[in-house]
Amino acid sequence: MYCKACGKVVPDDSVYCPQCGAPLEKVDAEPARNTGNNGNYKANYNNMSDKERQEMEFIQGRLNKGRLYGIVSIVCSILGLGSFGTLDVVAIICGYLGLKSLKAVPNSYPDKQTAVTLNRAGIICSAGLIILTAIFIIIALIAFPWIFASIAGFFAALI
């Protein structure tokens with residue numbers, strides 16, 4: 001069977017595409033079972049098959065992981081203000097990992113957009129802070145070269 005969203009080959013018994021997370025429709029002689037959830041994935045948890053529950057739990061786990069990475073990314077970008085870019089790099093990596101983990105979550109899944117926004121905000125804030133730190137260092141080098149000369153002299157004396 002093929003996923004209508006991404007076109008990848010998926011196992012016949014899958015409920016969601018393992019590549020993009022889109023819900024799959026069964027194309028067999030049986031009429032489709034109406035779970036009546038209308039996009040509310042948690043509504044009929046008790047009426048789902050074991051396979052559907054496993055896939056929903058997998059997607060929920062990915063969503064939680066994406067949220068966690070997003071929060072860590074935002075916190076690291078805020079704390080990275082005084083770290084001269086070290087925590088900002090961690091924030092960018094966490095934001096990237098969060099976005100990567102959220103690819104498996106269907107777009108219609110509740111809270112996916114919030115988690116994506118958290119990760120993107122962490123990446124953008126961190127990249128901006130890295131750029132601002134670089135600009136600050138360049139301006140300081142131009143305006144106050146004697147400070148950096150004395151720091152370099154101090155470290156040279158230690159060696």
Side-chain angles (χ1 to χ4, degrees), residues 1-140:
M1 170 167 56
Y2 293 94
C3 174
K4 289 183 180 179
C6 68
K8 301 284 183 185
V9 176
V10 295
D12 290 337
D13 60 342
S14 294
V15 178
Y16 297 98
C17 175
Q19 296 295 322
C20 69
L24 301 172
E25 296 177 17
K26 298 277 184 195
V27 190
D28 29 67
E30 292 180 25
R33 185 173 67 153
N34 184 8
T35 57
N37 64 6
N38 296 328
N40 187 357
Y41 292 91
K42 295 180 183 179
N44 291 324
Y45 186 80
N46 294 331
N47 298 333
M48 293 180 175
S49 68
D50 288 339
K51 180 77 174 168
E52 289 172 324
R53 282 187 193 148
Q54 287 174 346
E55 290 190 17
M56 191 184 91
E57 288 169 1
F58 168 77
I59 288 172
Q60 187 65 41
R62 285 295 184 103
L63 181 65
N64 290 340
K65 188 176 182 181
R67 271 195 225 123
L68 177 66
Y69 275 126
I71 291 168
V72 169
S73 180
I74 292 287
V75 168
C76 285
S77 72
I78 291 169
L79 294 177
L81 222 72
S83 70
F84 293 106
T86 53
L87 280 176
D88 293 325
V89 172
V90 172
I92 289 173
I93 291 170
C94 285
Y96 169 76
L97 292 174
L99 289 175
K100 189 174 178 184
S101 70
L102 288 167
K103 283 186 178 179
V105 179
N107 289 333
S108 61
Y109 206 83
D111 284 345
K112 178 183 180 179
Q113 204 53 40
T114 304
V116 167
T117 303
L118 277 173
N119 286 288
R120 285 182 182 161
I123 291 171
I124 291 168
C125 289
S126 299
L129 288 174
I130 288 173
I131 291 169
L132 284 175
T133 302
I135 290 171
F136 171 73
I137 290 173
I138 290 170
I139 290 172

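Position 1 is the first residue of the sequence; numbering continues from there.
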Enquirer: In Å and rounded to the nearest 0.5 Å, what is the CG to CD distance from D111 to Q60?
Expert: 8.0 Å
Enquirer: Are any non-hydrogen side-chain atoms of R62 and I59 less than 4.5 angstrom apart?
Expert: no
Enquirer: In Å and rounded to the nearest 0.5 Å, what is the CG to CG distance from L68 to N119?
Expert: 9.5 Å
Enquirer: Side-chain contact, heavy-atom cut-off 4.5 Å: T133 with I137?
Expert: yes
Enquirer: Starting at CZ of R120, measure out to CG of L102 and round the result to the nearest 0.5 Å.
Expert: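 Here the interatomic distance stands at 9.5 Å.
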Enquirer: How close do L129 and S77 get, counting heavy atoms only, and between which atoms?
Expert: CD1-O, 2.9 Å
Enquirer: Going by side chain to side chain contact (heavy atoms under 4.5 Å, CB included), V15 matches just one of R53, E55, Q54, M56. Which one?
Expert: E55
Enquirer: Are more than 12 heavy atoms, taken from residues, nucleotides or ligands other than K51, located less than 6.0 Å from that residue's NZ atom?
Expert: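 Yes - once you tally the heavy atoms of other residues, nucleotides and ligands closer than 6.0 Å, there are more than 12.
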Enquirer: Report the distance from atom CG of N64 to atom OG of S101, rounding to the nearest 0.5 Å.
Expert: 10.0 Å
Enquirer: Taking the side chain as every heavy atom from C-beta outward, state whether Y96 and K100 have any pair of such atoms under 4.5 Å apart.
Expert: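 Answer yes - side chains close enough.
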Enquirer: Measuring from L87:CG to L79:CG, what's the distance to the nearest 0.5 Å?
Expert: 6.0 Å
Enquirer: What is the minimum heavy-atom distance between Y69 and G98, and which atoms define it?
Expert: CB-CA, 3.5 Å
Enquirer: Closest heavy-atom contact between P106 and K112?
Expert: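 Residues P106 and K112, closest heavy atoms: O-CD, 3.4 Å.
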Enquirer: As an exercise, state the distance from OG of S126 to CD1 of I131, rounded to the nearest 0.5 Å.
Expert: 11.0 Å
Enquirer: Do I135 and I139 have side-chain heavy atoms sitting under 4.5 Å apart?
Expert: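 Yes; the side chains approach each other to less than 4.5 Å.
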